Amino acid sequence: MSDKAQIQEAIKLQGEVVRKLKTEKADKEQIDEEVAKLLQLKAQLGGDEGKHQFVLKTAKGTRDYNPKQMAIREKVFNTIVSCFKRHGAETIDTPVFELKETLTGKYGEDSKLIYDLKDQGGELLSLRYDLTVPFARYLAMNKITNIKRYHIAKVYRRDNPAMTRGRYREFYQCDFDIAGQYDPMIPDAECLKIVYEILSELDLGDFRIKVNDRRILDGMFAVCGVPDAKFRTICSTVDKLDKMAWQDVRTEMVKEKGLSEEAADQIGEYVSMQGGMDLAERLLQDSKMSQSKQACAGLTDMKQLFSYLQLFKVTDKVVFDLSLARGLDYYTGVIYEAILTQTGPAAAAQNGAGEEGVSVGSVAGGGRYDGLVGMFDPKGRKVPCVGVSIGIERVFSIMEQKAEASAEKIRTTEVQVMVASAQKNLLEERLKLTAELWDAGIKAEVMYKKNPKLLSQLQHCEESGIPLVAILGEQELKDGVVKLRSVGSREEVDVSRADLIGEIKKRTTEV
């Protein structure tokens, strides 16, 4: 069988696979993957004239954003940035790739998700996995000991994408971090306040912010009989509790990680505990936990943290949760994660969650990492840091779903006025007036036709959500006026050329 015949046979078989999946109403991602394989096979076959056919698709785990999606994204970014600025942060930027050794050994079991680049003449490079490690490298390199900064940029992970849940291989992170030697828990409390403000302002629905402390976790592991060498790997398993049932997590600890059943059961008792300052006080009295110096230090700080959170009026959404682990190796103190909760009888009944609501995914996370900068500093000088990262892609997914569900029209441009003409041969006058408006800082648009119909100009305004039309005609030019039409109410009024800019500014600030 010739190569061409083999490919044709493969295309036939792959076509059947795709049809079968569609008939069975399989998962969209699975169908997309098989369709992509089909397209690649067809591309190998080439066109009739032997031309190479391109597979028109984005790479796995990535996506394009259309103007409507970008308008939503911009709104979200503006909300987040204004919050960061309100809290006194300045911004920086770092390269999209780092030396491979900069990123190695900082992410625990997640290190396998780092994208390594091909050797480009001597330097082994990797795409950044997050914005925290590059920030620590930046501080050490520039000998900065205190800064409050935010950074919004793309990061890359060779993860298994779940596009519908906002999990991608290329995605934005929005980070806020406070570096410097300060009194305990004050910067940490501010980070939690920021998460609270952003999630409240974005109005995504009900949310909870879980808090824990790496020292409490490590103390708990120690008193439950986990060997020191297994702390990090058991921590990574506990971190899966938001995705897996306790029984499955226990099995992984015992069967895969080699932990004793007794130790796993003791961990099970602790990780089911949730509360606030009262839980921290109770654990300080706990016969086992009180034996660990590390855990006691973490619990004392947790009490202090909750006292500041009360002053910030955010304790209604914050819960001290001993199951929160966050698998990253660099955390040394307080850790936190914000999750959205779906309330409502349908969701609760489905998941047996009662009034608590159902978690629909993490939208922010962070914690304290006092040792990370020291890893990069030649003299090992430590710069204590605490920060938070907003899971922006998850937020976009929810905002997009909300926009689709509501009939609200999303504007993708900010044009305030369309310069139109009612008669022919007025292109020069339209261009002249448009330039006047641009020079005055007004967002204006003109149709790229010599003699457009008035109706098509007005229709464009309605479709694009442009609120005003400045209409020119022979009579208006003679009288030195412009007919200003409100697209919504269809009211028209003659405004003198001298007053036009002022009138447009007045009306568009009212909108």
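Because the structure is a prediction, the values reported are computed rather than measured.
Shown here are the side-chain contact (heavy atoms from CB on, under 4.5 Å) partners of D119, two or more places apart in sequence or in another chain: L124. Remark: R368 engages D188, D370 in a side-chain hydrogen bond (donor to acceptor under 3.5 Å, both in side chains) (not counting sequence neighbours). For Q310, the side-chain contact (heavy atoms from CB on, under 4.5 Å) partners are M277, T315, not counting sequence neighbours. Taking the salt bridge (Lys or Arg N to Asp or Glu O under 4.0 Å) definition, one finds that E261 meets it with R250, sequence neighbours left out. Looking at residues two or more places apart in sequence or on another chain, you find a side-chain hydrogen bond (donor to acceptor under 3.5 Å, both in side chains) between S126 and D116. In terms of the side-chain contact (heavy atoms from CB on, under 4.5 Å) criterion, residue partners of T251 (sequence neighbours excluded) are, by chain and number, K255. Partners of K22 under the salt bridge (Lys or Arg N to Asp or Glu O under 4.0 Å) rule, at least two apart in sequence or in another chain, do not exist in this structure. Residues passing the salt bridge (Lys or Arg N to Asp or Glu O under 4.0 Å) test with D27, sequence neighbours excluded: none. Take Y156 and apply the ring pair (Phe, Tyr, Trp, His ring centres under 6.0 Å) test, not counting sequence neighbours, and it matches no residue. Residues that satisfy the salt bridge (Lys or Arg N to Asp or Glu O under 4.0 Å) test with D32, not counting sequence neighbours, are K28. Residues passing the side-chain contact (heavy atoms from CB on, under 4.5 Å) test with E190, sequence neighbours excluded: H87, K148, I178, I194. With sequence neighbours excluded, the residues forming a ring pair (Phe, Tyr, Trp, His ring centres under 6.0 Å) with Y150 are F84, listed by chain and number.
Using modelled atom types, no side-chain atom of E337 and backbone atom of G366 make a donor-acceptor pair closer than 3.5 Å. The backbone N or O of C235 sits nowhere less than 3.5 Å from a side-chain atom of D239 that would complete a donor-acceptor pair. A donor-acceptor distance shorter than 3.5 angstrom exists from the side chain of R214 to the backbone of R326, with no hydrogens or angles considered. Side-chain atoms of Q69 come within 3.5 Å of backbone atoms of N66 as a donor-acceptor pair (strictly under, hydrogens ignored). One N or O on the side chain of T104 and one on the backbone of K100 form a donor-acceptor pair closer than 3.5 Å. N142 contributes no side-chain N or O that, together with a main-chain N or O of I144, makes up a donor-acceptor pair within less than 3.5 Å. A donor-acceptor pair under 3.5 Å is absent between the side-chain atoms of S292 and the main chain of M289, judged by distance alone. A donor-acceptor pair is defined here as one N or O able to donate and one able to accept, closer than 3.5 Å; no such pair exists between the side chain of T62 and the backbone of T58. When atom types are taken as modelled, the side chain of T233 and the backbone of K230 share no donor-acceptor pair closer than 3.5 angstrom. Looking at Q291, its side chain does come within 3.5 Å of a backbone N or O of S287 through a donor-acceptor pair.
Side chains of V133 and E98 form no contact here, defined as non-hydrogen atoms less than 4.5 Å apart. By the 4.5 Å heavy-atom criterion applied to side chains, Q173 and D130 are counted as neighbours. Looking at heavy atoms from C-beta onward, I72 lies in side-chain contact with E400 at the 4.5 angstrom threshold. V388 has its side chain out of reach of D175: every pair of non-hydrogen atoms, C-beta onward, lies at least 4.5 Å apart. With a 4.5 Å cut-off on side-chain heavy atoms, L309 and Y196 do not count as touching. At a threshold of 4.5 Å between non-hydrogen side-chain atoms, the residues I335 and V211 do not count as touching. Put simply, the side chain of I147 reaches to within 4.5 Å of the side chain of F135, judged on heavy atoms. Using a 4.5 Å heavy-atom cutoff, the side chains of Q14 and Q40 are not in contact.
In the displayed structure, K57 atom NZ is contacted under 6.0 Å by more than 12 heavy atoms of other residues, nucleotides or ligands. Other residues, nucleotides and ligands place no more than 12 heavy atoms under 6.0 Å from the NZ atom of K382. Within 6.0 Å of the CD atom in E101, the count of heavy atoms belonging to other residues, nucleotides or ligands does not exceed 12.
Cation-pi contact between K317 and F207: present, with separation from the ring centre below 6.0 Å and deviation from the ring axis of at most 45°. Taking the centre and axis of the six-membered ring of F97, the NZ or CZ atom of R128 falls outside the cone set by 45° and 6.0 Å.
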Test side chain to side chain contact (heavy atoms under 4.5 Å, CB included) on D377 and V383; report intermediate values, then the result. CA-CA 10 Å; D377 192 282; V383 177; over 6 Å; no

Does the side chain to side chain contact (heavy atoms under 4.5 Å, CB included) test come out yes or no for V334 and Y336, once each step is laid out? CA-CA 7 Å; V334 166; Y336 34 83; 3.5 Å; yes

Steps toward side chain to side chain contact (heavy atoms under 4.5 Å, CB included) verdict (N78, K75): CA-CA 5 Å; N78 289 343; K75 187 181 165 190; 5.7 Å; no

Do E252 and T237 pass the side-chain hydrogen bond (donor to acceptor under 3.5 Å, both in side chains) test, and can you show the C-alpha distance, the side-chain angles, and the key distance before you say yes or no? CA-CA 7 Å; E252 186 178 308; T237 304; 3.0 Å; yes

Derivation and outcome, side chain to side chain contact (heavy atoms under 4.5 Å, CB included), residues R381 and V373: CA-CA 8 Å; R381 281 173 298 219; V373 180; over 6 Å; no

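Contact detail for F176 and A89: the closest heavy-atom pair is CE1-CB, 3.7 Å. Contact record, Y308 with P184: CE1-O, 3.6 Å, taken as the closest heavy-atom pair. Scanning both residues, A325 and V238, for their nearest heavy atoms gives CB-CG1, 3.9 Å. Contact between T91 and H151 at its shortest, heavy atoms only, is OG1-CA, 4.3 Å.
Ring centers of Y172 and F396: at least 6.0 Å apart, outside the cut-off.
With rounding to the nearest 0.5 angstrom, the CG atom of L299 is 4.5 Å from the CG atom of L284. With values rounded to the nearest 0.5 angstrom, M302 atom CE is found 4.0 Å from I216 atom CD1. Rounding to the nearest 0.5 angstrom, the gap separating the OG1 atom in T412 from the CD atom in E74 is 10.5 Å. The structure places CD1 of I267 at 5.0 Å from CG of L259, a figure rounded to the nearest 0.5 Å. Rounding to the nearest 0.5 Å gives a distance of 11.0 Å between CG of L311 and NZ of K193.
The aromatic rings of F320 and F306 are tilted relative to each other, their planes meeting at an angle between 30° and 60°.
Using modelled atom types and a 3.5 Å distance limit, the side chains of S200 and E197 yield no donor-acceptor pair.
E33 and K37 are not joined by a salt bridge, as no carboxylate oxygen comes within less than 4.0 angstrom of a charged side-chain nitrogen. For D278 and K303, the salt-bridge test fails: no basic side-chain N is under 4.0 Å from an acidic carboxylate O.
Test Y115, F171, Y168 against R157 for side-chain contact (heavy atoms from CB on, under 4.5 Å) and you get one pass: F171.
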